[in-house]
Amino acid sequence: MSQPHHEDFNVNDNDMNNPDIDNKHTNNTDYPELNISAADSFDIDGVDAELLDTFYTEEALQPVLIATLDYINERLQSGLNLPYFADIDDELWQQKPKALDIYITDGIEGRELNLEARGKDHPTNILSYPSEMPANIIELMPTLPLGELIICHEVVVREAAEQDKTVAQHISHLLIHGVLHLFGFDHMTGQAEQDEMESFEIDILKRLALPNPYL
């Protein structure tokens, strides 16, 4: 795996039910391919299936990913550059279907992964592993791999309670945040970069009828 981006951020927003979102999107982005899996530790007395069916279904996550991709496509037309995909032609980027791997883990494995990746001896809410696929290889592939997001569900649930929001709402924000990291945006490199990334998140969440999480 490549060195991941990470997130330990805590933000406050109002608790709000995630609305029903039409899977139709406006910028002709092909439906992204989501590969969702969970740690073996969840596979006890049906907990794995219940967890995935409650929070991590394609029906729940795909609209969030589509909204993020649509937003980025619009920004590309306005001159935005994606740091980790700078060698990919914008037209190819917009036309090629995207693929994203999402892995749900528990606090024990989450701690191990965070320690291995970042030297931090505690689990974090999300780790983002960019695909780092060469442009000439991507051109030959049927889909454009964005990379992998590792979500520690235990941390997500705790943070959602601390921040007085629903788990689904927090997952939506983390998914957007993690995907932006997969594109190469990084709020840890300076104030301007942080402001840019947060503005993207706010705009995308607004399209999903979710509030500004930084108020």
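As a basis for the values below, the full set of heavy atoms in this structure was taken, side chains included, without hydrogen atoms, waters or symmetry mates.
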Whether the side chain of [X] engages the backbone of [Y] through a donor-acceptor N/O pair (distance < 3.5 Å, no angle test) should be reported.
X      : Y      : answer
Lys98  : Leu34  : no
Asn114 : Pro123 : no
Glu201 : His173 : no
Thr68  : Val64  : yes
Asn81  : Pro83  : no

With a 4.5 Å heavy-atom cut-off, do [X] and [Y] have their side chains touching?
X      : Y      : answer
Ile72  : Leu180 : yes
Gln169 : Pro211 : yes
Tyr31  : Ile66  : yes
His181 : Met197 : yes
Leu52  : Ser37  : no
Leu82  : Phe185 : yes
Ser128 : Leu149 : yes
Leu80  : Tyr71  : no

Handout entry: N-O pairing of Glu74 and Arg207 below 4.0 Å
Key =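 Counted as a salt bridge, because a side-chain N and a carboxylate O are separated by less than 4.0 Å.
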Exercise for the section: Mind running side chain to side chain contact (heavy atoms under 4.5 Å, CB included) on Met133 and Ile88 for me, showing each step along the way? Expected result: CA-CA 10 Å; Met133 194 75 66; Ile88 305 296; over 6 Å; no
Look up atom [atom1] in [X] and atom [atom2] in [Y], then write down how far apart they are to the nearest 0.5 Å.
X      : Y      : atom1 : atom2 : value
Ile171 : Leu175 : CD1   : CG    : 9.0 Å
His153 : Asp106 : NE2   : CG    : 11.0 Å
His177 : Ile204 : NE2   : CD1   : 11.5 Å
Tyr129 : Leu113 : OH    : CG    : 5.5 Å
Glu33  : Leu100 : CD    : CG    : 9.5 Å
Leu174 : Ile126 : CG    : CD1   : 5.5 Å

Problem - Residue list, side chain to side chain donor-acceptor pair (under 3.5 Å) with Asn136, at least two apart or on another chain - result: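 Residues passing side chain to side chain donor-acceptor pair (under 3.5 Å) with Asn136: none at all.
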Exercise for the section: Decide side-chain hydrogen bond (donor to acceptor under 3.5 Å, both in side chains) for Gln94 and Asp90; before the verdict, give the C-alpha distance in whole Å, the side-chain angles of both, and the deciding distance to 0.1 Å. Expected result: CA-CA 6 Å; Gln94 293 173 342; Asp90 286 352; over 6 Å; no
Practice task
Under the side chain to side chain contact (heavy atoms under 4.5 Å, CB included) rule, what do Tyr103 and Asn35 come out as? Steps first, then yes or no, please.
Solution key: CA-CA 8 Å; Tyr103 176 72; Asn35 302 304; over 6 Å; no
Which heavy atom of [X] sits nearest to which heavy atom of [Y], and what is that distance?
X      : Y      : value
Leu205 : Ile176 : CD2-CD1, 3.6 Å
Pro145 : Phe85  : O-CZ, 4.0 Å
Leu208 : Pro63  : CD2-O, 4.0 Å
Arg111 : Asp121 : NE-OD1, 2.6 Å
Asn125 : Glu159 : ND2-OE1, 3.0 Å
Glu109 : Ala39  : OE1-CB, 3.4 Å

Problem - Partners meeting salt bridge (Lys or Arg N to Asp or Glu O under 4.0 Å) with Asp87 (sequence neighbours left out) - result: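 Not a single residue meets the salt bridge (Lys or Arg N to Asp or Glu O under 4.0 Å) criterion with Asp87.
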Practice task
Check the hydrophobic clustering (I, L, V, M, F, W, Y; side-chain heavy atoms under 4.5 Å; chains of links allowed) and say if Trp93 and Met141 are grouped together.
Solution key: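 Yes, Trp93 and Met141 fall within the same hydrophobic cluster.
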Handout entry: Hydrophobic cluster membership, Leu61 vs Val155, 4.5 Å side-chain cutoff
Key =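 In one cluster with Leu61: Val155, no.
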Handout entry: Residues Gln191 and Asp195: side-chain donor-acceptor under 3.5 angstrom
Key =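 Yes, a side-chain donor-acceptor pair sits under 3.5 Å.
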Exercise for the section: In sequence, state the C-alpha distance, the side-chain angles, and the governing distance for Val156 and Val167, and then conclude on side chain to side chain contact (heavy atoms under 4.5 Å, CB included). Expected result: CA-CA 7 Å; Val156 171; Val167 173; 4.2 Å; yes
Handout entry: Residue Ile108 excluded, over 12 heavy atoms near CD1 under 6.0 Å
Key =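 No, not enclosed.
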Exercise for the section: Would you please test His170 and Phe55 for ring-ring contact (aromatic ring centres under 6.0 Å, His included) and show each step? Expected result: CA-CA 11 Å; His170 194 33; Phe55 297 110; over 10 Å; no
